[in-house]
Amino acid sequence: MNELRLRAVREPDAPPEDKESEPEVKVDGETASDSESRAEAAPLVTPADDTPEVLNRALSNLSSRWKNWWVRGILTLAMIAFFFVIIYLGPMVLMIIVMCVQIKCFHEIITIGYNVYHSYDLPWFRTLSWYFLLCVNYFFYGETVTDYFFTLVQREEPLRILSKYHRFISFTLYLIGFCMFVLSLVKKHYRLQFYMFGWTHVTLLIVVTQSHLVIHNLFEGMIWFIVPISCVICNDIMAYMFGFFFGRTPLIKLSPKKTWEGFIGGFFATVLFGLLLSYVMSGYRCFVCPVEYNNDTNSFTVDCEPSDLFRLHEYSIPEVIQSAIGWKIVRMYPFQIHSVALSTFASLIGPFGGFFASGFKRAFKIKDFANTIPGHGGIMDRFDCQYLMATFVNVYIASFIRGPNPSKLIQQFMTLRPDQQLHIFNTLKSHLTDKGMLTDATEG
């Protein structure tokens with residue numbers, strides 16, 4: 001006892017121990033209080049869904065299975081209606097909504113970590129988590145502003161300076177957070193604090209990086225934003241419907257309610273839905289044109305001459321299929337072919353984002369990430385597949401769709417010094433003359 005008191009006097013800054021803590025035992029050079037066994041969290045209890053009272057009264061005579069079906073259905077229709085509203089409000093509102101969803105998803109995941117390890121009272125954990133979120137958003141959205149609002153940035157002196165030194169400022173901000181984390185390390189809790197440091201950074205990678213890709217997809221054209229998101233929503237709904245009515249065969253242990261019937265039915269329904277939705281949207285310029293910023297009106301514009309991707313083409317049907325359907329030629333948009341790839345990914349690979357989230361929730365013994373939407377859980381429960389889909393769409397566009405953007409090249413050209421512009425002009429002129437494209441102009 002005297003030895004323990006002496007140690008307490010010599011270490012006045014040590015964090016308070018739990019009242020019922022056991023004597024320290026060395027395990028691989030670390031104390032038991034710092035080992036992984038102490039990091040095991042007690043089950044987190046998510047409160048029951050706060051179903052609106054009006055729904056509780058209206059569905060009181062139904063069984064819990066059918067009551068949940070109706071609650072999920074009604075709230076799903078409400079969310080789809082809200083989705084239509086924000087699409088109608090335009091690109092700027094969509095970007096704000098993406099930012100809000102990102103912050104909420106980050107909050108839900110970080111809150112789980114905080115609740116799991118709350119007993120350790122780690123210093124600065126939540127403050128540093130939100131600080132790193134701010135740093136990463138400053139970096140990504142600064143890059144987006146410089147890329148898509150180039151003329152506006154060059155016109156305003158403060159924005160031009162921030163743009164020029166953007167990456168240095170971003171790195172400096174991150175270094176400040178890094179040093180703050182090192183200074184916050186507390187004896188006996190080092191391992192746990194590094195767990196939480198990794199927790200924060202993995203959350204940033206999953207949530208912030210991929211929400212940034214969602215905005216990049218949006219600037220390629222509203223159709224690249226709406227179709228992938230709609231395919232994931234359709235697959236989620238149809239897999240649930242097929243599984244609810246026809247499901248018999250379990251699909252994966254991580255999600256016991258998922259069935260092969262729902263998985264397969266959702267796949268075919270989503271591919272068909274993607275083809276139909278793409279056909280309808282490909283005929284409207286407001287959906288297919290890239291979102292660009294108009295410096296004259298200080299607003300976004302979505303007007304352009306549609307590319308070949310969004311013009312009807314005739315395709316010959318293979319003879320094997322001709323005998324079955326009786327058609328020799330079909331007229332469709334090339335984008336519809338790409339929509340098959342998007343809907344296939346949403347149906348076959350997208351659900352693994354949900355399985356990943358299910359494994360995460362099972363690891364911490366929670367039912368949902370939060371209790372935000374009755375019958376659905378938290379925002380992250382609804383967007384676990386969307387983030388994986390956003391990354392695929394961005395990679396797909398970069399690999400198979402996007403080419404050099406002339407307007408961005410001209411913007412960069414205009415920022416060069418006059419002598420550099422003249423050098424590029426002469427080089428381009430010489431190149432076009434050699435190819436015979438400027439012969440008539442020179443002779444005239």
Side-chain angles (χ1 to χ4, degrees), residues 83-95 97-98 144 147-152 212-234 270-317 327-346 386 389-413 437:
F83 182 56
F84 286 145
V85 171
I86 62 175
I87 289 173
Y88 174 78
L89 293 176
M92 181 59 76
V93 175
L94 281 172
M95 285 188 284
I97 293 296
V98 170
T144 301
D147 193 21
Y148 291 99
F149 302 86
F150 188 81
T151 307
L152 175 64
H212 177 69
L213 297 180
V214 172
I215 293 179
H216 268 243
N217 299 340
L218 173 63
F219 276 102
E220 295 294 330
M222 295 273 282
I223 197 168
W224 291 105
F225 174 86
I226 297 173
V227 169
I229 288 179
S230 300
C231 284
V232 173
I233 294 173
C234 174
T270 304
V271 172
L272 179 61
F273 170 81
L275 285 169
L276 295 176
L277 180 64
S278 300
Y279 181 83
V280 172
M281 295 185 65
S282 294
Y284 295 90
R285 293 189 179 187
C286 60
F287 293 131
V288 304
C289 291
V291 178
E292 296 180 348
Y293 183 77
N294 190 319
N295 293 288
D296 298 328
T297 60
N298 289 323
S299 61
F300 290 101
T301 59
V302 284
D303 189 24
C304 69
E305 189 64 30
S307 65
D308 287 341
L309 201 62
F310 304 104
R311 294 177 180 175
L312 284 171
H313 288 66
E314 290 187 353
Y315 295 93
S316 299
I317 299 177
W327 296 349
K328 294 183 178 181
I329 293 175
V330 62
R331 298 185 76 234
M332 60 187 300
Y333 296 98
F335 180 79
Q336 289 181 270
I337 300 174
H338 294 291
S339 75
V340 174
L342 299 179
S343 56
T344 299
F345 184 91
Q386 294 287 3
M389 187 71 190
T391 305
F392 171 74
V393 173
N394 192 267
V395 171
Y396 189 88
I397 292 174
S399 302
F400 305 109
I401 305 298
R402 185 190 295 130
N405 191 326
S407 62
K408 290 184 180 179
L409 291 176
I410 292 175
Q411 288 177 352
Q412 294 175 355
F413 177 80
M437 301 180 66

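Positions are given from 1, in the same order as the sequence printed here.
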Asker: Let me confirm one number: the CG-CD1 distance from L342 to I223, rounded to the nearest 0.5 Å.
Answerer: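 L342 atom CG to I223 atom CD1 measures 9.5 Å (nearest 0.5 Å).
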Asker: Enter the distance from H338:NE2 to L309:CG here, rounded to the nearest 0.5 Å.
Answerer: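 With rounding to 0.5 Å, NE2 (H338) is 4.5 Å from CG (L309).
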Asker: Decide if atom OH of Y284 counts as having more than 12 heavy atoms of other residues, nucleotides or ligands within a radius under 6.0 Å.
Answerer: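 It does not: Y284 OH has 12 such atoms or fewer within range.
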Asker: Nearest 0.5 Å, please: how far is CD1 in I233 from CD in Q386?
Answerer: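 Rounded to the nearest 0.5 Å, the CD-CD1 separation comes to 5.5 Å.
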Asker: Measure the CG-SG distance between L272 and C234 for me, rounded to the nearest 0.5 Å.
Answerer: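 Answer rounded to 0.5 Å: 8.5 Å.
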Asker: Can you label the angle between the Y396 ring and the F400 ring as parallel, tilted or perpendicular, going by 30° and 60°?
Answerer: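 Tilted: the ring planes of Y396 and F400 meet at 30° to 60°.
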Asker: So does E314 pair up with K328, basic N to acidic O under 4.0 Å?
Answerer: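 Salt bridge: no.
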Asker: Once rounded to the nearest 0.5 Å, what's the spacing between atom CD1 of I87 and atom CD1 of I229?
Answerer: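 I87 CD1 to I229 CD1: 7.5 Å, rounded to 0.5 Å.
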Asker: Does any part of the side chain of L218, heavy atoms only, come nearer than 4.5 Å to the side chain of W224, both counted from C-beta?
Answerer: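 They are not in contact (no side-chain heavy atoms under 4.5 Å apart), so the answer is no.
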Asker: For the CZ atom of F273 and the OG atom of S230, what is their distance to the nearest 0.5 Å?
Answerer: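 Answer rounded to 0.5 Å: 5.0 Å.
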Asker: Taking atom CZ of F392 as the centre, report whether more than 12 heavy atoms of other residues, nucleotides or ligands fall under 6.0 Å from it.
Answerer: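 Yes.
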Asker: Run the side-chain contact (heavy atoms from CB on, under 4.5 Å) check on Y279 and M332 step by step: do they pass?
Answerer: CA-CA 7 Å; Y279 181 83; M332 60 187 300; 5.5 Å; no
Asker: Please lay out, stage by stage, how I329 and Y315 fare under the test side-chain contact (heavy atoms from CB on, under 4.5 Å).
Answerer: CA-CA 6 Å; I329 293 175; Y315 295 93; over 6 Å; no
Asker: Where does the angle between the aromatic ring planes of F310 and F335 fall among parallel (under 30°), tilted (30 to 60°) and perpendicular (over 60°)?
Answerer: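 Judged by the thresholds at 30° and 60°, the geometry between F310 and F335 is tilted.
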Asker: Applying side-chain contact (heavy atoms from CB on, under 4.5 Å) to F219 and M95, what does each step give before you reach the verdict?
Answerer: CA-CA 10 Å; F219 276 102; M95 285 188 284; 3.7 Å; yes
Asker: Of N394, V393, I397, which is the lone residue that meets side-chain contact (heavy atoms from CB on, under 4.5 Å) with H216?
Answerer: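 It is N394, the one option of N394, V393, I397 that forms the side-chain contact (heavy atoms from CB on, under 4.5 Å) with H216.
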